[in-house]
Novice: 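Can you keep this structure in mind? I'll have questions shortly.
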Amino acid sequence: MMIDYTFFQDGLLRVDGALLLGTPSPTNQAIQGLLESFIDRYEAEYLCKLLGEELYEDFLLSLSEENSAANDWEGLKRLLVVEKPFKRSPIANYVYFHLLRSCDSDATLNGVKIDTDDGKPVSPERKMRFAWNDMVLHNRKLYGWLRKANYKGWKMDEELLEFINTFNI
């Protein structure tokens, strides 16, 4: 994996409780497990949409092996994960978007309900929109870089380049 829970500890993609994951407790383990499950699911989906299936497989090999082909991907890796001045990644934005979308309601044996722990529920749409649009800005830079890199078999899902707004237009 290229990202981990630390991308959600502070800043614009903050997930409540992620900062305390170094302290062992059942609650912290549950939060970490939730974040890791979303990262496992959506990091792969994002990279496959960014690169296309064929190129995604090549990129995965470069992450798991130390070989000369791995050097061909260093530029992309640096664009996908920025460490300074703070951790940023379009992958984290994509994961955060899907995390908020999923956590908007809970499935129970009695049906689906909106979480109302402390009063009136607030829609996550604003934060989802921000995360998505920030990802799109990163993706447009990645698109230019990937186009110049001229990887054989590269095919980007155009959905990753489209901004969203309140009206879904």
Side-chain angles (χ1 to χ4, degrees), residues 1-22 28-67 69-107 124-147 149 151-164:
M1 288 189 295
M2 296 188 71
I3 66 167
D4 60 18
Y5 72 88
T6 60
F7 284 79
F8 306 99
Q9 287 185 323
D10 199 8
L12 304 172
L13 303 181
R14 184 176 166 274
V15 172
D16 202 25
L19 189 57
L20 304 172
L21 292 180
N28 291 350
Q29 289 174 340
I31 293 169
Q32 186 171 3
L34 175 71
L35 289 172
E36 286 175 359
S37 71
F38 273 83
I39 291 168
D40 285 345
R41 166 77 166 84
Y42 289 104
E43 179 177 295
E45 182 177 292
Y46 170 83
L47 291 171
C48 196
K49 285 182 173 188
L50 179 72
L51 300 171
E53 288 186 38
E54 182 182 327
L55 212 51
Y56 169 65
E57 295 298 327
D58 291 344
F59 183 69
L60 265 182
L61 283 173
S62 79
L63 292 176
S64 62
E65 296 178 1
E66 291 297 322
N67 58 32
N71 292 332
D72 296 340
W73 295 101
E74 285 305 312
L76 180 60
K77 290 177 191 176
R78 281 192 303 275
L79 289 172
L80 284 172
V81 176
V82 177
E83 297 279 340
K84 293 178 182 176
F86 55 90
K87 289 187 171 187
R88 285 185 71 183
S89 172
I91 300 167
N93 287 74
Y94 190 79
V95 170
Y96 187 77
F97 175 88
H98 287 283
L99 176 70
L100 289 182
R101 186 171 76 174
S102 173
C103 293
D104 187 29
S105 59
D106 292 319
E125 288 179 14
R126 188 170 151 256
K127 286 185 176 237
M128 290 169 63
R129 201 170 44 252
F130 172 80
W132 184 270
N133 290 340
D134 190 47
M135 177 201 66
V136 168
L137 292 172
H138 286 273
N139 290 344
R140 288 179 175 208
K141 292 175 188 172
L142 285 165
Y143 178 85
W145 187 90
L146 286 163
R147 209 169 106 215
Y151 285 111
K152 186 177 180 182
W154 171 56
K155 184 176 187 224
M156 185 180 208
D157 186 333
E158 291 182 14
E159 172 190 49
L160 296 179
L161 300 172
E162 296 174 5
F163 291 107
I164 58 175

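None of these values were measured; they are calculated from a predicted model.
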Novice: When you compare the side chain of Leu12 with that of Phe130, does any pair of heavy atoms fall below 4.5 Å?
Specialist: yes
Novice: Could you tell me the separation between the CG atom of Leu99 and the CG atom of Leu34, rounded to the nearest 0.5 Å?
Specialist: 5.5 Å
Novice: I'd like to know if the side chain of Trp145 reaches the main chain of Gly75, judged simply by a donor and an acceptor atom lying under 3.5 Å from each other, with no hydrogens or angles considered.
Specialist: no
Novice: What pair of heavy atoms forms the shortest contact from Ser62 to Lys77, and how long is it?
Specialist: O-NZ, 3.5 Å
Novice: For Arg14, does its backbone N or O pair with a side-chain atom of Gln9 as donor and acceptor, under 3.5 Å?
Specialist: no
Novice: Report, as yes or no, whether the 6.0 Å neighbourhood of atom NZ on Lys49 holds more than 12 heavy atoms from other residues, nucleotides or ligands.
Specialist: yes
Novice: Does a side-chain heavy-atom distance below 4.5 Å link Gln32 with Gln29?
Specialist: no
Novice: Under 3.5 Å, side chain of Arg129 to main-chain N/O of Ile164, donor-acceptor pair present?
Specialist: no
Novice: In Å and rounded to the nearest 0.5 Å, what is the NE2 to CG distance from His138 to Leu79?
Specialist: 10.0 Å
Novice: Please report the C-alpha distance between Tyr143 and Asn139 in whole Å, then the side-chain angles of each, then the deciding distance to 0.1 Å, and finally whether the side-chain contact (heavy atoms from CB on, under 4.5 Å) criterion is met.
Specialist: CA-CA 6 Å; Tyr143 178 85; Asn139 290 344; over 6 Å; no
Novice: Which distance, rounded to the nearest 0.5 Å, do you find between the CG of Asn133 and the CZ of Phe163?
Specialist: 6.0 Å
Novice: So Leu13 and Phe7, do their side chains get closer than 4.5 Å, heavy atoms only?
Specialist: no
Novice: Within a 6.0 Å radius of atom CD on Glu83, are there more than 12 heavy atoms belonging to other residues, nucleotides or ligands?
Specialist: yes
Novice: Would a 4.5 Å heavy-atom cut-off, applied to side chains only, mark Met1 and Asp40 as touching?
Specialist: yes
Novice: For Leu50, run the side chain to side chain contact (heavy atoms under 4.5 Å, CB included) check against Ile91, Asp157, Leu160, Leu55 and tell me which one passes.
Specialist: Leu160
Novice: For the atom pair OH (Tyr96) and OG (Ser89), what is the distance rounded to the nearest 0.5 Å?
Specialist: 15.0 Å
Novice: Do NZ/NE/NH1/NH2 and the carboxylate oxygens of Arg88 and Asp134 come within less than 4.0 Å?
Specialist: yes
Novice: Start with the C-alpha distance between Leu80 and Tyr46, add both sets of side-chain angles, then the distance that settles side-chain contact (heavy atoms from CB on, under 4.5 Å), and finish with yes or no.
Specialist: CA-CA 11 Å; Leu80 284 172; Tyr46 170 83; 4.0 Å; yes
Novice: Would you say that more than 12 heavy atoms from the other residues, nucleotides or ligands in this model lie under 6.0 Å from the CD of Glu125, or not?
Specialist: no
Novice: In Å and rounded to the nearest 0.5 Å, what is the CH2 to CZ distance from Trp154 to Phe59?
Specialist: 14.5 Å
Novice: Are Glu36 and Asp4 side-chain neighbours, meaning at least one heavy-atom pair lies under 4.5 Å?
Specialist: no
Novice: Kindly determine whether Tyr151 and Leu51 satisfy side-chain contact (heavy atoms from CB on, under 4.5 Å), including the steps that lead there.
Specialist: CA-CA 9 Å; Tyr151 285 111; Leu51 300 171; 5.9 Å; no
Novice: Before you tell me yes or no, could you show the steps for Ile31 and Tyr5 under side-chain contact (heavy atoms from CB on, under 4.5 Å), namely the whole-Å CA-CA distance, both residues' side-chain angles and the distance that decides it to 0.1 Å?
Specialist: CA-CA 9 Å; Ile31 293 169; Tyr5 72 88; over 6 Å; no
Novice: For Tyr94 and Trp132, take the angle between the two ring planes, folded into 0 to 90°, and tell me which bin it lands in: parallel under 30, tilted 30 to 60, perpendicular over 60.
Specialist: tilted
Novice: Return the CG to NZ distance between Leu146 and Lys155, rounded to the nearest 0.5 Å.
Specialist: 14.5 Å
Novice: Contact between Met128 and His98 at the side-chain level, heavy atoms closer than 4.5 Å - yes or no?
Specialist: no
Novice: Can you confirm whether Leu137 is buried at CG, in the sense that more than 12 heavy atoms of other residues, nucleotides or ligands lie under 6.0 Å from that atom?
Specialist: yes
Novice: Is it true that atom CZ of Arg147 has more than 12 heavy atoms of other residues, nucleotides or ligands lying nearer than 6.0 Å?
Specialist: no
Novice: Please report the closest heavy-atom contact between Glu53 and Cys48, naming both atoms and the distance.
Specialist: CG-SG, 3.4 Å
